[in-house]
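Quantities reported herein were computed from a predicted structural model and do not represent experimental measurements.
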Amino acid sequence: MTGDDLTFRPLAAEEWDRWYRNLEVAFGGSEDFPADRALWRALTELDRSVGVWDGDLPVGGASAFSFRLAVPGGAVVPAAGVTMVGVLPTHRRRGVLSRLMRDQLDEVRRRGEALAVLTASEAAIYGRFGYGLGTWRMGVTVPRRVKVRVPVDRAVRLRLVPPASVLAACEELYAELVPGRPGMLARQPGWEQQPLKDDPAGRDGASPLQCVVAEDRESGQLLGYARYAVAMEWNASDIADGTVRVRDVEARTPAVYAALWQFLLDQDLTGRVRVRNRPVDDPLLHLVDDPRRLEPQLVDSMYVRLVELGAALEQRAYASAVDLVLEVSDAFCPWNAGRWRLHSDGPGKAASCVRTEDPADLALDVRELGAAYLGGVRLSALAAAGLVTELRDGALTEATRAFASDVAPWLPHGF
């Protein structure tokens, strides 16, 4: 049996439960927690969802979210958030995934979205479809003995509040931060519930989700927040050794960010603070008095696909003036292949990217261009790995400087 023997069709609302259960089986069979499942159902865009059927049996599928993504320069642009991609073990290695990716990228292009992004269950899967690793996430374990170096700002007041009670104010603060860091997602209606997911079945021994807010002592303005849970443990000598599990920390100023971390590190009955997803340039690395005791871990995060190459490169800003001809290969989306002249006069200036017959300055695959797109992966590093070829002296340095971002790109949450 091949993919041609199967039916690929848009998902109907009444098919969602069977379709999503098929996805769970494709990912090992464990069922989502009920609250999580309900949220994913509410967020699913049926007109962007496809099911693969073998007779009346669902055997695969894929979907996408209509996101808005921050890119270098502060623009927040449309992007397809590829999600819920899976094929049953009985139907793998038969071209089903390739067909799903082909149809999906064609649809993204028809919608006028220049970018597609995803997080990968297995990192090796999506490179062949032109997705490049554009962001990393950093997990950190901080022993409680570590202290914050910055004195607490006495103009800041901390309060514990129910997470849902301050959701609107927290989302307003989050929205303000989005343009300042490439890779962040402007949360569309419904997505504000994602950071509050707290199904009791999924707490793994931890407390319910808690929230501490930092406010201006005089005006009461929200200046920052942290959401976390505490997992208590007691050793054989009955000594408490709990873990503060941090979900997110956001702040308007460095002083507020420091105050929130000081609070998290000062919880009684705990031995450590653990956070799974922070930017690789997070200030926490410099805030503490004993960085050697930190236990950072880097994990690949978001993969970026340029669907319409010219439009995508015009949507972002560049850190310095650039005038280059790129020779791009793209086997899966051949409309991108060929030579493109990228021109910008630098920060704050519009960019143009048009086809040309001029000699190329750099040669690379669209996968590497996707990796470098958000500014966190240096083109010079990709060249050192043999993935970018310099065809004109100085072109690699020029491109590396122009594509760089002042801050590391970061995806705050999965999808």
Side-chain angles (χ1 to χ4, degrees), residues 3 8 22-24 26-28 40 45 48-52 59-67 69 71 77-89 91-111 113-137 182-183 185 277 298-309 312-313 328-337 364-377 379 381-382 385-388 409-411 413-415:
F8 292 69
N22 170 84
L23 180 68
E24 291 174 327
F27 278 82
W40 290 126
E45 299 180 33
R48 305 199 69 158
S49 303
V50 173
V52 184
V59 297
S63 186
F65 297 118
S66 301
F67 281 151
L69 175 77
V71 299
V77 305
V82 177
T83 187
M84 303 185 198
V85 180
V87 180
L88 285 185
H91 290 69
R92 290 177 184 155
R93 311 295 186 267
R94 298 171 185 178
V96 177
L97 178 60
S98 295
R99 166 76 183 273
L100 286 168
M101 293 294 99
R102 169 79 283 135
D103 292 351
Q104 186 179 67
L105 287 173
D106 288 345
E107 173 65 14
V108 170
R109 189 186 187 201
R110 283 193 293 270
R111 285 174 175 264
E113 295 164 327
L115 297 168
V117 295
L118 58 79
T119 61
S121 57
E122 293 186 68
I125 293 177
Y126 292 97
R128 59 190 163 120
F129 305 119
Y131 287 87
L133 174 55
T135 76
W136 294 78
R137 65 176 172 88
L185 300 173
N277 184 15
L298 293 182
V299 180
D300 61 295
S301 182
M302 186 165 65
Y303 291 74
V304 180
R305 210 306 172 192
L306 277 60
V307 181
E308 285 285 6
L309 187 147
L313 291 181
V328 181
S329 57
D330 190 343
F332 202 69
C333 295
W335 57 82
N336 286 325
L364 72 172
D365 189 75
V366 72
R367 178 177 179 178
E368 277 59 64
L369 204 52
Y373 182 77
L374 293 175
V377 177
L379 285 166
L382 295 172
L387 300 171
V388 175
W410 176 57
L411 176 68
H413 57 78
F415 54 87

- [ ] Rounded to the nearest 0.5 Å, what's the gap from CE on Met84 to CZ on Phe27? Could you check?
- [x] 10.5 Å
TODO: Assess the side chains of Glu45 and Ser66: does a donor N or O sit below 3.5 Å from an acceptor N or O?
DONE: yes
Task: Note: Arg99-Asp103 ion pair, threshold 4.0 Å (strictly below) - done: yes
TODO: Output the distance between atom CG (Asp106) and atom CZ (Arg111), rounded to the nearest 0.5 Å.
DONE: 13.0 Å
Open item on the list: If I take atom CG from residue Asn277 and atom OG from residue Ser301, how far apart are they, to the nearest 0.5 angstrom?
Closed with: 6.0 Å
TODO: Run the salt-bridge test on Glu308 and Arg109 with the 4.0 Å N-O cut-off and return the result as yes or no.
DONE: yes
Open item on the list: Under a 3.5 Å distance rule, please check whether Tyr303 uses its side chain to pair with a backbone N or O of Gly370 as donor and acceptor.
Closed with: no
Open item on the list: Tell me whether Arg305 is salt-bridged to Glu368, with the criterion being a basic N under 4.0 Å from an acidic carboxylate O.
Closed with: no
Open item on the list: Which residues pass the side chain to side chain contact (heavy atoms under 4.5 Å, CB included) test with Leu97, not counting sequence neighbours?
Closed with: Val85, Met101, Ile125, Arg128, Phe129
- [ ] Quick one: pull up CG in Leu379 and CG in Leu364 and give me the separation to the nearest 0.5 Å.
- [x] 7.0 Å
Task: Donor-acceptor pair, side chain of Asn336 and main chain of Leu306, under 3.5 angstrom - done: yes
- [ ] Indicate whether the side chain of Trp335 and that of Asp330 have a donor and an acceptor atom separated by less than 3.5 Å.
- [x] no
Task: Verdict with supporting geometry, Val87 and Val52, side-chain contact (heavy atoms from CB on, under 4.5 Å) - done: CA-CA 8 Å; Val87 180; Val52 184; over 6 Å; no
Task: side chain to side chain contact (heavy atoms under 4.5 Å, CB included) partner of Met302, chosen from Leu118, Leu411, Leu133 - done: Leu411
Task: Face-on cation placement of Arg102 at Phe332 ring, 6.0 Å and 45° thresholds - done: yes
